[in-house]
Chemist: 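Structure in structure tokens, see below.
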Amino acid sequence: MFKSLLTAGTAVALSVGAASAADLPRRAAPPPVFTPVPVFTWTGAYFGINAGYAYTEADRVSTVGIGALQANVNNGLRRATVPLAQEGFTAGGQVGYNYQFTPGSGIVVGLEADAAYTDLNRRRTESIFLPAINPNQLTNTYRADLSFLGTVRGRIGYAFDRFLVYGTGGFAYGDVTQTVAFQTNAPVTYFGSRSRIETGYAYGGGVEYAMPTDSFLNFFKSNAVTLKVEYLRYDLGSRNLLVASTGAPLSPGVGYFSRFRTEGSLVRAGLNFKFGTF
């Protein structure tokens, strides 16, 4: 009987203990950890490459004669205007820095410098034979070459998260070569040439898209890889080239002036690697 009472008492004690344990407050579970997704911003430095198509817009050379030689221009022995269209490819690189006022979507301002090879080289040769005016066969040769173009430009645009629309404008410079040779039969009787760095301005606009950081194009492990398409127009001004007599003795007041204008456009695509703020 004592054994039965002991067993019953133990059962009651265990049930009371379980009930008391159930009444104890539970330990609060730790709150879930939320990792915020970084908001993309265009702020940061970048460098990249570009390539595309280049073409001229003002593609004529205008010539006037000095003094009595204007009669040769009027009679068509030396052409008053000669078309000299140029087109080719362009390739180069750029560096720059952008600042975005508000992450996500907002205004973006920046500064970019670029330099590019331009395959703009055109040579035109004409043979003119007008025996009623001159018994000799005349040969006129014109050449224009822009071997590279560089710019330093400001940029301003609006970002829609990873998509940027922008305008750009600023300083431009390029290596310009211009040559004119007028021949009578075989000898070169009038010649002029110049090769120098010319300066001017450039402007345009484009669109740019920032790819995810883990893009397969991210060779340099940058914050982002951006792809852009851009139009740029440049104007390096007009210059008069003296096409002087090559006879002996030299006659500095005898010859022609040929006027060249160096301007054109670039349509190109680019790839940038962005560093700095995410």
Side-chain angles (χ1 to χ4, degrees), residues 52-90 116-150 172-202 231-247 250-267:
Y53 172 68
Y55 59 96
T56 62
E57 295 177 352
D59 53 3
R60 291 184 178 274
V61 181
S62 302
T63 299
V64 297
I66 300 175
L69 291 181
Q70 178 61 30
N72 289 339
V73 177
N74 295 339
N75 293 327
L77 298 176
R78 310 301 184 188
R79 297 275 300 276
T81 58
V82 175
L84 205 63
Q86 304 168 67
E87 61 179 351
F89 71 90
T90 176
Y117 167 77
T118 54
D119 183 31
L120 293 175
N121 187 339
R122 176 70 187 274
R123 178 187 177 95
R124 182 185 181 98
T125 300
E126 297 183 332
S127 295
I128 298 176
F129 183 54
L130 299 172
I133 302 172
N134 190 313
N136 300 303
Q137 177 169 303
L138 306 183
T139 302
N140 304 329
T141 301
Y142 309 85
R143 179 193 169 196
D145 180 16
L146 177 65
S147 59
F148 81 83
L149 178 73
Y173 63 96
D175 184 19
V176 178
T177 299
Q178 298 160 343
T179 302
V180 175
F182 294 153
Q183 296 177 233
T184 302
N185 291 332
V188 176
T189 51
Y190 299 95
F191 180 79
S193 182
R194 62 185 292 146
S195 182
R196 57 176 293 176
I197 300 296
E198 299 286 3
T199 60
Y201 61 89
Y231 166 80
L232 201 64
R233 184 182 184 277
Y234 64 88
D235 189 336
L236 304 184
S238 299
R239 299 291 183 273
N240 283 328
L241 175 66
L242 175 61
V243 186
S245 169
T246 60
L250 295 178
S251 303
V254 177
Y256 301 83
F257 281 113
S258 291
R259 188 170 185 83
F260 289 79
R261 184 168 188 85
T262 305
E263 64 177 348
S265 297
L266 309 177
V267 180

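Just the heavy atoms: all of them, side chains too, but no hydrogens, waters or symmetry mates, feed the values below.
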Chemist: Measuring from atom CG of L241 to atom CZ of R259, what distance do you get when rounded to the nearest 0.5 angstrom?
Modeler: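 L241 atom CG to R259 atom CZ measures 11.5 Å (nearest 0.5 Å).
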Chemist: Counting C-beta onward and ignoring hydrogens, is there a side-chain heavy-atom pair between Y201 and R233 closer than 4.5 Å?
Modeler: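 Yes, side chains in contact.
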Chemist: Going from OG1 on T63 to CZ on F257, what distance comes out if it is rounded to the nearest 0.5 angstrom?
Modeler: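 Atom-to-atom, T63:OG1 and F257:CZ are 11.5 Å apart.
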Chemist: Which pair of non-hydrogen atoms, one from T139 and one from S127, has the smallest distance, and what is that distance?
Modeler: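 Residues T139 and S127, closest heavy atoms: OG1-OG, 4.1 Å.
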Chemist: Identify the two heavy atoms, one from L232 and one from A202, that lie closest to each other, and give their separation to 0.1 Å.
Modeler: CG-CB, 4.3 Å
Chemist: Taking the side chain as every heavy atom from C-beta outward, state whether F260 and L84 have any atom pair closer than 4.5 Å.
Modeler: yes
Chemist: Do V64 and Q70 come close enough that some side-chain heavy atom pair is under 4.5 Å?
Modeler: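 When only atoms from C-beta onward are counted, Q70 and V64 do touch, with a gap below 4.5 Å.
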Chemist: Without swapping roles, check the side chain of T246 against the backbone of T189 for a donor-acceptor pair under 3.5 Å.
Modeler: yes
Chemist: To the nearest 0.5 Å, what is the distance between OG1 (T262) and CG (L236)?
Modeler: 6.0 Å
Chemist: Which distance, rounded to the nearest 0.5 Å, do you find between the OG of S258 and the CZ of R78?
Modeler: 10.5 Å
Chemist: Which label fits F148 and Y173: parallel for a plane angle under 30°, tilted from 30 to 60°, or perpendicular past 60°?
Modeler: perpendicular
Chemist: Can L130 and N75 be said to form a side-chain contact (heavy atoms from CB on, under 4.5 Å), step by step?
Modeler: CA-CA 9 Å; L130 299 172; N75 293 327; 5.8 Å; no
Chemist: How long is the gap from CG on N74 to CG on L69, to the nearest 0.5 Å?
Modeler: 11.0 Å
Chemist: Testing the basics here: between P135 and F129, what is the closest heavy-atom pair and its distance to 0.1 Å?
Modeler: O-CE1, 3.4 Å
Chemist: Checking side chain to side chain donor-acceptor pair (under 3.5 Å) for the pair T81/S62: CA distance, chi angles, key distance, verdict?
Modeler: CA-CA 4 Å; T81 58; S62 302; over 6 Å; no
Chemist: Does a side-chain heavy-atom distance below 4.5 Å link L149 with L266?
Modeler: yes
Chemist: Under the 3.5 angstrom rule, does the side chain of T184 hit a backbone N or O of L138 as a donor-acceptor pair?
Modeler: no
Chemist: Could you go through the side-chain contact (heavy atoms from CB on, under 4.5 Å) check for Y256 and V180 one step at a time?
Modeler: CA-CA 10 Å; Y256 301 83; V180 175; over 6 Å; no
Chemist: With sequence neighbours left out, what residues match T179 under side-chain hydrogen bond (donor to acceptor under 3.5 Å, both in side chains)?
Modeler: S193
Chemist: So do the side chains of E198 and R196 get within less than 4.5 Å of each other, counting heavy atoms only?
Modeler: yes
Chemist: Taking all non-hydrogen atoms of both residues, which atom of T90 and which atom of Y117 are closest, and how far apart?
Modeler: OG1-O, 2.9 Å
Chemist: Of the options V176, T118, N121, which is the one that meets D145 in a side-chain contact (heavy atoms from CB on, under 4.5 Å)?
Modeler: N121
Chemist: Looking at every non-hydrogen atom in both residues, tell me the closest pair between Y234 and S265 and how far apart they are.
Modeler: CE2-N, 3.6 Å
Chemist: Report yes if some heavy atom in the side chain of V82 is under 4.5 Å from a heavy atom in the side chain of N140; otherwise report no.
Modeler: no
Chemist: Take I128 and N134, measure what side-chain contact (heavy atoms from CB on, under 4.5 Å) needs, and give me the verdict at the end.
Modeler: CA-CA 10 Å; I128 298 176; N134 190 313; over 6 Å; no
Chemist: Do V254 and Y190 come close enough that some side-chain heavy atom pair is under 4.5 Å?
Modeler: yes
Chemist: If you measure from OG1 on T141 to CZ on F182, what distance do you get to the nearest 0.5 Å?
Modeler: 9.0 Å
Chemist: When you measure from the side chain of T56 to the backbone of Q86, do you find a donor-acceptor pair of N or O atoms at a distance under 3.5 Å?
Modeler: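 Flag set: sc T56 to bb Q86 pair under 3.5 Å.
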Chemist: Under the salt bridge (charged side-chain N to carboxylate O under 4.0 Å, His left out) definition, can you give me all pairs with a residue in residues 116-141, not counting sequence neighbours?
Modeler: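 Counting only pairs at least two positions apart or across chains, the salt bridge (charged side-chain N to carboxylate O under 4.0 Å, His left out) contacts touching residues 116-141 are R79-E126, R124-E126.
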Chemist: Does a donor on one side chain and an acceptor on the other come within less than 3.5 Å for D175 and S147?
Modeler: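 A pair is found: one side chain offers a donor N or O, the other an acceptor, under 3.5 Å apart.
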